[in-house]
Amino acid sequence: MSDYTKSKELFERAQKTIPGGVNSPVRAFKSVGGTPLFMERAKGAYMYDADGARYIDYINSWGPMMLGHAYEPVVKAIQEKAADSTSFGAPTKLEIEMAELIVSMSPNVDMVRMVSSGTEACMSALRLARGYTGRNKFIKFEGCYHGHADAFLVKAGSGVATFNIQTVPGVTAGVSMDTLTAPYNDLEAVKQLVAENKGEIAAIIIEPVAGNMGCIIPEPGFMEGLRAICDQEGIVFIFDEVMTGFRLAAGGAQERLGINADLVTYGKVIGGGMPVGAFGGKKEIMQHIAPLGNVYQAGTLSGNPIAMIAGYTMLKTLKDNPSIYKELDDKTAYLHTELDKVLKTKNVPYVINRFGSMISVHFSDKPVNNFAAAASADNVLFNRFFHALLADGVYLPPSAYETWFISTALSNEDIKETIAAVEKFQP
Ligand code: HOZ
């Protein structure tokens with residue numbers, strides 16, 4: 001167990017030059033309390049902090065480390081590629097190979113544009129949907145997080161929910177006015193918004209399995225209903241697959257749920273953990289992007305060679321080894337079963353939501369199927385749960401408003417060790 005000495009020193013030092021001591025708010029441990037751990041290295045299922053303590057990692061860089069940390073073929077590919085320069089700002093053959101690979105794996109993706117993050121992917125997809133339809137408004141769901149572009153910071157999940165930020169200063173009323181929100185899994189609310197804003201809605205964007213309010217699963221008929229509304233009203237249906245893409249299946253949530261999206265956004269997973277994102281979709285829509293069309297979007301680091309080789313290596317491994325998905329599902333199912341057995345003995349209400357290799361626990365006595373239900377769970381108890389596990393070397397996301405991600409590197413022994421830590425937890 002770590003005494004956190006070095007992390008405490010580093011956190012103090014960091015706060016002098018980095019706002020809040022971190023470069024992304026959820027990492028600050030502000031809602032769970034305590035000192036954020038400063039990590040030094042990671043390998044397979046484990047991360048090691050600055051004090052040398054080992055943690056079983058259930059964050060996996062918020063999703064992309066599906067094959068565990070420092071997956072050797074990815075590391076080797078990066079090392080080799082770096083010798084040929086780290087950035088060109090000019091086209092490369094590798095970008096074509098990457099685009100062809102993504103198109104071959106993703107349903108409904110005829111064309112793809114690389115960017116550098118999930119935030120960029122979502123904001124660009126929204127701009128494209130608006131440019132394509134000539135409409136301004138869009139619908140998002142309470143508790144879904146689509147990165148930190150202004151238009152999405154309305155009733156957002158992840159850090160915005162964790163820190164209970166109701167209105168984000170700096171996001172103008174003019175921008176937020178075009179963001180309409182509905183509760184997740186509430187088709188009637190969407191129908192009403194569409195009726196009230198007839199002919200004005202450019203897009204519906206959704207995390208097809210939500211991961212930014214814990215793991216929230218779409219109820220039967222919900223996605224089908226959204227698809228039907230989009231078809232009837234000429235609305236662009238955007239799947240934000242930053243978390244689910246290439247994780248729930250080679251074809252992401254589209255494949256797993258059997259739902260066709262018009263545009264899809266991807267994030268870090270397609271860079272094997274490097275800073276990458278992409279948006280893609282049907283040619284009819286994608287051809288409106290500059291320089292083919294006039295919807296402008298650009299970036300020097302887009303298609304960066306190091307990010308491309310890391311992502312290509314990762315995605316090719318996933319494509320060539322479909323058994324990875326069964327392995328991920330089986331491991332997560334085992335974790336689910338064992339968690340359930342031990343939490344049952346604790347005399348506290350709890351809900352475990354799992355879809356594929358995404359899983360989370362809410363301490364709630366009712367089903368957690370939307371943000372209101374996630375917010376009404378006992379999240380103070382979650383914070384204690386988090387710290388109890390951390391003290392035993394298990395690193396969960398430091399917020400009840402995040403999903404946990406499983407990697408193939410996680411062994412049954414690691415799961416048993418995790419369950420032993422849960423056994424010791426005193427609610
Ligand atoms: N917003 C991210 C999770 N949903 C956290 C990003 C990070 O801190 O790295």
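Keep in mind it's a predicted model, so treat the numbers as computed, not measured. In each ligand, atom 1 is the first atom listed, and ligand 1 is the first ligand listed.
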Atom pairs and distances, donor-acceptor, side-chain atoms in residues 9-17, under 3.5 Å, two or more places apart:
| from | atom 1 | to | atom 2 | distance (Å) |
| --- | --- | --- | --- | --- |
| Q15 | NE2 | F11 | O | 3.1 |

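Atom 5 (C) of ligand 1 has its closest protein heavy atom at W62 CE2, 3.7 Å. Protein heavy atom closest to atom 3 (C) of ligand 1, with residue, atom name and distance, is E402 OE1, 3.2 Å. Looking from atom 9 (O) of ligand 1 to the surrounding protein, the closest heavy atom is R27 NH2, 2.9 Å. For atom 6 (C) of ligand 1, the nearest protein heavy atom (residue, atom name, distance) is S24 OG, 3.5 Å.
Residue contact check: M243 has heavy atoms under 4.0 Å from atoms 4 (N) of ligand 1. Ligand 1 places these atoms under 4.0 Å from at least one heavy atom of S158: 1 (N), 2 (C), 3 (C), 4 (N).
Neither the backbone nor the side chain of K268 has any atom closer than 4.0 Å to an atom of ligand 1 (non-hydrogen atoms only). Contacts of N212 with ligand 1, taken as heavy-atom pairs under 4.0 Å, involve the side chain alone.
For Y401 and F371, the ring centers are positioned less than 6.0 Å apart.
Looking at residues two or more places apart in sequence or on another chain, you find a side-chain contact (heavy atoms from CB on, under 4.5 Å) between V75 and A70, Q79.
Residues Y350 and D340 bring a donor and an acceptor atom of their side chains to less than 3.5 Å of each other.
Contact annotation: the side chain of Y58 approaches that of L335 to within less than 4.5 Å [non-hydrogen atoms, C-beta and beyond].
The aromatic rings of F29 and F386 lie perpendicular to each other, with more than 60° between the two planes, well past the 30° mark.
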